[in-house]
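First the proteins, then the strands, lettered A, B, ... as listed; each starts at 1. If you're wondering where the values come from, they're calculated on a predicted model, not measured in any experiment.
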There are 2 protein chains.
Amino acid sequence: MNTDYQVLSQSLKHAKYRMTPQRIAICKILAESPDHPSAQMVYDMLKPKYPSLSLTTVYNTLETLVGLGVISPRHGSGDAPTRYDANTTPHAHLQCIRCNKLRDFDSQHVTDLNKDVSARAGYHIIGSYLLYYGLCESCQEKENNKE
Amino acid sequence: MNTDYQVLSQSLKHAKYRMTPQRIAICKILAESPDHPSAQMVYDMLKPKYPSLSLTTVYNTLETLVGLGVISPRHGSGDAPTRYDANTTPHAHLQCIRCNKLRDFDSQHVTDLNKDVSARAGYHIIGSYLLYYGLCESCQEKENNKE
DNA sequence: ATTACTGCAAAAGATTTGCACTAGG
DNA sequence: CCTAGTGCAAATCTTTTGCAGTAAT
């Protein structure tokens, strides 16, 4: 489940950031989006309701929230833009290389791997990206129907 | 260990690609580079010896080798460019956010996670990126000396 | 009243594309 | 010879930056 709106907005307030309407709107969208939106996607969703909104502000706010540790950036396979995930518990992602959908995948082995890395790496680990890419079920069907 | 030069070049020949000097040189560099070079890094390493080489050709060749499944693209944390890895056995990566170094991390849990994803996801998995980012040992020391 | 935040435009960096020329088979 | 491959320049796409105006506290 995603971090909810209260946690996102409170983290801004607590860190003494100003509560602008743009930031509030972006926090709402992130909390409500199960599909890990990119900066552009956030912008497109909010633009109709906030016509003056700029993409720069979306980037600024997302970067701020990343800095507070309440959302995580995930860069997709290949050329796809960075997606932002309000679910900060450790989990892997599955991305479809056809329709670009991005979904979560929970597994005990993610936890095990994280522990192993922390224990053996000699790195001060700050975060991780665990991405598997391929064809989702509906794109596999389309593929089969074509050939 | 990296896939060696023979395997890379033979995969091109076997797939009926023409053996140009540029492709041969790029295969050699990939086989010999333990540091997972980016397209630009490959270009910089080869430019002195092949002054006419273009970055476009490097991108083309890397893309071809990715298509043949003998190297894997790995996009780093944040804004870092894509790195290409001639080690195609499943393993995780550790990237230092300070010096940008990228190294391998082998773990039984990677294998376990891969199996779990294949078994439960409903995706046709094509590949994966498993990246942990943080501070490497030498950058941790520099950090400590400063503060 | 301050000063952080926004929004625009321009810049930067990585990768892709169009196309004429070249060279591998 | 013939077409795949190369190399250049320009285009594209994402993200960053500089800066003047605006608004949150």
Side-chain angles (χ1 to χ4, degrees), chain A residues 9-27 36-44 46-68 71-84 95 97 100 102 129, chain B residues 9-27 36-44 46-68 71-84 95 97 100 102 129:
Chain A
S9 58
Q10 286 306 310
S11 74
L12 285 170
K13 187 170 279 182
H14 183 263
K16 302 250 194 309
Y17 286 103
R18 292 183 181 172
M19 299 308 291
T20 67
Q22 294 91 331
R23 284 177 173 162
I24 291 169
I26 291 168
C27 287
H36 313 307
S38 65
Q40 183 70 54
M41 289 161 80
V42 169
Y43 177 77
D44 292 341
L46 292 175
K47 192 69 178 173
K49 212 168 178 180
Y50 302 84
S52 82
L53 180 70
S54 79
L55 189 52
T56 304
T57 296
V58 175
Y59 274 106
N60 286 342
T61 300
L62 291 172
E63 184 56 37
T64 301
L65 291 168
V66 168
L68 292 172
I71 67 174
S72 305
R74 310 275 161 192
H75 8 77
S77 62
D79 51 345
T82 302
R83 309 280 281 260
Y84 293 85
Q95 183 162 31
I97 58 168
N100 226 28
L102 188 64
Y129 311 122
Chain B
S9 58
Q10 286 306 309
S11 75
L12 286 171
K13 188 171 277 184
H14 183 264
K16 302 250 194 308
Y17 286 102
R18 292 181 182 172
M19 300 307 292
T20 67
Q22 294 90 333
R23 282 177 175 161
I24 291 169
I26 291 167
C27 287
H36 313 307
S38 65
Q40 184 70 53
M41 290 161 80
V42 169
Y43 177 77
D44 291 342
L46 293 176
K47 192 70 176 173
K49 215 169 176 179
Y50 302 86
S52 80
L53 181 70
S54 79
L55 190 51
T56 304
T57 296
V58 175
Y59 275 107
N60 286 341
T61 300
L62 291 172
E63 183 56 37
T64 301
L65 291 168
V66 169
L68 292 172
I71 65 173
S72 305
R74 311 275 160 193
H75 17 74
S77 63
D79 51 346
T82 302
R83 309 280 280 261
Y84 294 85
Q95 182 163 32
I97 58 169
N100 225 29
L102 187 65
Y129 310 123

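- For the residue pair A/Ser38 and A/Pro81, the shortest heavy atom distance occurs at CB-CG, 4.3 Å.
- Within the 4.5 Å cutoff, the side chain of A/Tyr129 has heavy atoms near those of the A/Pro73 side chain.
- Positionally, the nearest nucleotide of DNA chain C for A/Pro51 lies more toward the 5' end than for the other of B/Pro81 and A/Pro51.
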Pull out every protein N or O sitting under 3.5 Å from an N or O of nucleotides 17-24 of chain D, one pair per line with the distance.
| residue | atom | partner | partner atom | Å |
| --- | --- | --- | --- | --- |
| D/dA24 | N3 | A/Arg18 | NH1 | 3.4 |

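- Nucleotides of DNA chain C that come within less than 4.0 Å of any heavy atom of chain B span, from the 5' end to the 3' end, C/dA14 to C/dG25.
- Put simply, CG on A/Leu55 is 9 Å from P on D/dT15, counting in whole angstrom units.
- At a threshold of 4.0 angstrom between heavy atoms, the contacts of B/Ser52 are confined to the sugar-phosphate backbone, with no base atom among them.
- In this structure, A/Leu62 atom CG and D/dT16 atom P are separated by 10 Å, rounded to whole Å.
- As rounded to whole Å, 12 Å separates atom P of D/dT14 from atom OH of A/Tyr84.
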I would like to know whether A/Gln95 and A/Arg74 meet side-chain contact (heavy atoms from CB on, under 4.5 Å); could you show each step before the answer?
CA-CA 11 Å; A/Gln95 183 162 31; A/Arg74 310 275 161 192; over 6 Å; no
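- A side-chain contact (heavy atoms from CB on, under 4.5 Å) with B/Val58 is found for one member of B/Leu62, B/Thr61, B/Asn60 and no other, namely B/Leu62.
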Contacts table for residues 11-20 of chain A: side-chain donor-acceptor under 3.5 angstrom, sequence neighbours left out:
| residue | atom | partner | partner atom | Å |
| --- | --- | --- | --- | --- |
| A/Ser11 | OG | A/Leu8 | O | 2.7 |
| A/Thr20 | OG1 | A/Arg23 | N | 3.2 |

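- With sequence neighbours left out, B/Tyr43 forms a side chain to side chain donor-acceptor pair (under 3.5 Å) with B/Lys47.
- To the nearest angstrom, P of D/dT14 lies 13 Å from OH of A/Tyr43.
- One finds the CD1 atom of A/Ile26 at 13.0 Å from the OG atom of A/Ser9 (value rounded to the nearest 0.5 Å).
- Protein atom NZ of B/Lys47 is 12 Å distant from nucleotide atom C1' of D/dT6, rounded to whole Å.
- Partners of A/Gln40 according to the side chain to side chain donor-acceptor pair (under 3.5 Å) rule, which considers only residues two or more places apart in sequence or in another chain, are A/Asp44.
- Residues passing the side chain to side chain donor-acceptor pair (under 3.5 Å) test with A/Ser54 are A/Thr57, sequence neighbours excluded.
- When the local axes at the two ends of the helix from C/dA1-D/dT25 to C/dG25-D/dC1 are compared, using 5 base pairs at each end, they differ in direction by 40° after rounding to 10°.
- When the C1' atom of D/dG7 is taken as reference, atom CZ of B/Arg23 falls 14 Å away, rounded to whole Å.
- Nucleotide D/dT25 holds its C1' atom 15 Å from the CG atom of A/Leu12, rounded to whole Å.
- In this structure, CD in B/Gln22 is found 12.0 Å from OG1 in B/Thr56, a value given to the nearest 0.5 Å.
- Every residue meeting the side-chain contact (heavy atoms from CB on, under 4.5 Å) condition with B/Tyr59, not counting sequence neighbours, appears here in chain and number order: B/Ala39, B/Leu55.
- Nucleotide D/dT6 holds its P atom 11 Å from the OH atom of B/Tyr17, rounded to whole Å.
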